[in-house]
Amino acid sequence: MEQSVKERLLDGYDRGYDRNGVSGERLAERLATLASIGKTADGGVDRPGFSEEEKRAKQQVMEWMRGAGMAVRNDGAGNVIGRLNGEAGGPAFVTGSHLDSVPSGGNFDGPLGVLSSLEVVEAWKETGYVPPVPVEVVVFSEEEGSRFGTGVMGSRAMMGKIGDGELDSLMDFAGRTFREVIGSYGSTPEEFLAAARRPEEIGFYTELHIEQGKLLEQAGLPAGIVKGIAGLAGLHIIFRGEAGHAGNTPMIGRRDPLVAAGRFVYEVSALPSEISDTAVATVGKLTVSPNGSNVIPGQVELTVDIRDLVKEKRDALVLKVREIAERCAQEQDVEITVSQLSSVDPAPVSDEIRNELRDVFTEAGIEPMELMSGAGHDAMNFAPMAMIFVRSQGGISHNPAEWTDLGDCVTGVHLLKRFAEKRMEQMVSG
């Protein structure tokens, strides 16, 4: 018989990780409980943002928050906020993640960050530790963007980074407007925007997340320090040529946009290394029209996803991509249109905060490896902020096969707990 999520997590788990109030079994039990909400036949989960499944998962976490002694509320963006009062008032230390998923997603992307933050609070409760400042554990809405095609919505709403016009234009995969969806969820666009908080309410944000890559696994390390979140620029490119019969149109004189697009895709793959060792560029979507086996295409549309940790280098790569697209079009005598789809600035982690994390890792006997996050996270909407990555088995993510061993999960909890305690002392001392 196949093992359950809880059984698999606890199989071979070293109870020596359970110290200072942290319980691996409690974390395993809660990961398994969330894995059952929106569970798919292949063992993954399907919890789109603002869905009933996401709401049920949030309600479960709210119950656990109350059991840990937290005051719990929802804001108009559907974010769940569990608050633990500290010895003094002032700006809060905030930590958390999300519970929504991509279609047929995994059981760790998002939930591990939420439950690790909650496990830190549980450990404080068991050991009698009272934080010096207020602590908030937050479950953000619609991080993945699988509902409306735009991500980190809950954290952007909290930080006042969503405008009225953006909400008006959103439509989900079923053709429902944002107003319809948020209304069914129990809020309104107006209440969604009113979720914005005063900047002085939040003193610091940190997030634990699975790596979603192979670098930690290759290095043999359970966790790593995120040095920053890459900034994204998306381009939409259309090559327009002249359609014709594949048999009756001579090779000489053809105006084939697919040849231009093919040359472009090939050349783009070599560009990032010329700009930066952290830059990436990906052609992830390509549409050929009319897409017939015996027809020279008349048009090719594609998108380019360009990312880097340094904004200036990211922008330099965008310029190079545009130049190559223009040249490839000119060489094949086809027309071209290039438009910007999106632009999100990088979110670097400061040297001071990375040094604090390095000290925490070193104290725990873990080599403080630093790595970049190519994926976006709620953390990118906060400053100052920090992120801790834990090892992903095989680097697999956004997939039912996504897995992180319980020992690595609990190691992440201990690192998060110690960093939170040290950072809060810094917040008090100024």
Side-chain angles (χ1 to χ4, degrees), residues 1-18 22-47 57 97-119 143-144 146 207-227 229 280 361 364-377 379 387-416:
M1 180 181 293
E2 185 178 349
Q3 288 181 308
S4 68
V5 170
K6 181 180 178 181
E7 289 171 337
R8 186 179 171 192
L9 282 165
L10 289 171
D11 187 13
Y13 174 65
D14 182 353
R15 301 285 176 168
Y17 286 107
D18 291 356
V22 174
S23 168
E25 184 166 0
R26 179 168 52 212
L27 182 59
E29 175 71 43
R30 289 175 172 180
L31 281 166
T33 298
L34 292 182
S36 70
I37 302 174
K39 182 178 179 180
T40 57
D42 53 9
V45 289
D46 193 359
R47 290 194 297 261
S97 195
H98 63 98
L99 297 177
D100 64 300
S101 78
V102 298
S104 197
N107 294 308
F108 295 83
D109 176 4
L112 181 59
V114 171
L115 296 180
S116 294
S117 300
L118 183 55
E119 186 59 31
E143 189 267 359
E144 295 289 4
S146 57
E207 182 171 352
L208 181 144
H209 205 279
I210 57 171
E211 180 195 353
Q212 303 176 284
K214 299 180 180 180
L215 295 180
L216 290 172
E217 186 176 64
Q218 291 170 351
L221 295 172
I225 299 166
V226 177
K227 59 184 177 182
I229 302 171
V280 293
F361 273 61
I366 301 171
E367 179 187 338
M369 178 179 174
E370 296 189 6
L371 58 165
M372 182 188 78
S373 174
H377 299 283
M387 284 196 75
I388 296 171
F389 274 170
V390 292
R391 180 165 44 192
S392 294
Q393 193 174 95
I396 299 170
S397 183
H398 284 188
N399 185 303
E402 175 181 281
W403 192 261
T404 294
D405 290 337
L406 185 57
D408 291 347
C409 294
V410 177
T411 295
V413 174
H414 285 295
L415 293 168
L416 176 64

Minimum heavy-atom distance between Asn107 and Ala35, given as atom pair plus value: OD1-CB, 3.3 Å

Can you name the nearest heavy-atom pair linking Ser397 to Gln212, along with the distance? OG-NE2, 2.9 Å

Separation between CG (Leu115) and CD (Glu29), nearest 0.5 Å, reads 11.0 Å

Starting from the C-alpha separation in whole Å, work towards a yes-or-no answer on side chain to side chain contact (heavy atoms under 4.5 Å, CB included) for Leu406 and Leu10. CA-CA 7 Å; Leu406 185 57; Leu10 289 171; 3.7 Å; yes

Please confirm whether the backbone N or O of Ser101 pairs with a side-chain atom of Ser146, one donor and one acceptor, at under 3.5 Å? yes

In Å, rounded to the nearest 0.5 Å, how long is the span from CG of Leu216 to CD of Glu367? 10.0 Å

Using a strict 4.0 Å threshold on nitrogen-to-oxygen distance, state whether Glu217 and Arg391 make a salt bridge. no

Report yes or no: does Ser36 contribute a side-chain atom to a donor-acceptor pair with the main-chain N or O of Thr33 at less than 3.5 Å? yes

From Asp100 atom CG to Asp46 atom CG, the distance as rounded to the nearest 0.5 Å: 10.5 Å

Would you say Val226 and Glu211 make side-chain contact, with heavy atoms under 4.5 Å? no

Just how far is it from atom CG of Asp408 to atom CG of Leu112, taken to the nearest 0.5 Å? 10.0 Å

Please tell me whether Glu207 and Ser97 have a donor and an acceptor in their side chains that are separated by less than 3.5 angstrom. yes

Check whether any side-chain heavy atom of Tyr13 lies under 4.5 Å from a side-chain heavy atom of Asp18, and answer yes or no. yes

Determine, stepwise, if the pair Trp403 / Ile396 fulfils side chain to side chain contact (heavy atoms under 4.5 Å, CB included). CA-CA 7 Å; Trp403 192 261; Ile396 299 170; over 6 Å; no

Measure the shortest side-chain to side-chain distance between Leu31 and Phe108 over non-hydrogen atoms and say whether it is less than 4.5 angstrom. yes

Report the C-alpha distance between His98 and Asp109 in whole Å, list the side-chain angles of each, state the deciding distance to 0.1 Å, and finish with yes or no for side chain to side chain contact (heavy atoms under 4.5 Å, CB included). CA-CA 8 Å; His98 63 98; Asp109 176 4; 3.3 Å; yes

Looking at Ala223 and Ile366, what are the two nearest heavy atoms and their distance? O-CG2, 4.3 Å

Taking Asp405 for the side chain and Gly407 for the main chain, is one N or O donor matched with an acceptor at less than 3.5 Å? no

Is any side-chain heavy atom of Arg30 closer than 4.5 Å to one of Leu118? yes

Hey, does Leu415 have a side-chain heavy atom less than 4.5 Å from the side chain of Phe361? yes

So CZ of Phe389 and CD1 of Ile225: to nearest 0.5 Å the spacing works out to 12.0 Å

With no hydrogens and no angle check, is any side-chain donor or acceptor of Asp42 less than 3.5 Å from a backbone partner on Ala401? no

Over all atoms of both residues, closest heavy-atom pair of Arg47 and Pro111: NH2-CG, 3.5 Å

Residues Gly394 and Lys214: closest non-hydrogen pair is O-CE, 3.2 Å

Give a yes or no answer on whether the side chain of Glu119 reaches the backbone of Ser23 with a donor-acceptor pair at less than 3.5 Å. yes

Can you tell me how far the CE atom of Met387 sits from the CE atom of Met372, to the nearest 0.5 Å? 12.5 Å

Any Glu7 side-chain heavy atom under 4.5 Å of Asp11 side chain: no

Out of Val410, Leu416, Ile210, which one pairs with Val390 under the side chain to side chain contact (heavy atoms under 4.5 Å, CB included) rule? Ile210

For the residue pair Pro400 and Ser104, establish whether any side-chain heavy-atom pair is separated by less than 4.5 Å. yes

May I have the step-by-step check of side chain to side chain contact (heavy atoms under 4.5 Å, CB included) for Gln218 and Leu215, ending in yes or no? CA-CA 5 Å; Gln218 291 170 351; Leu215 295 180; 3.8 Å; yes

How about Arg15 and Glu25: do any of their side-chain heavy atoms sit closer than 4.5 Å? yes

Nearest heavy-atom approach of Ala375 to Ser373 is O-OG, 2.7 Å

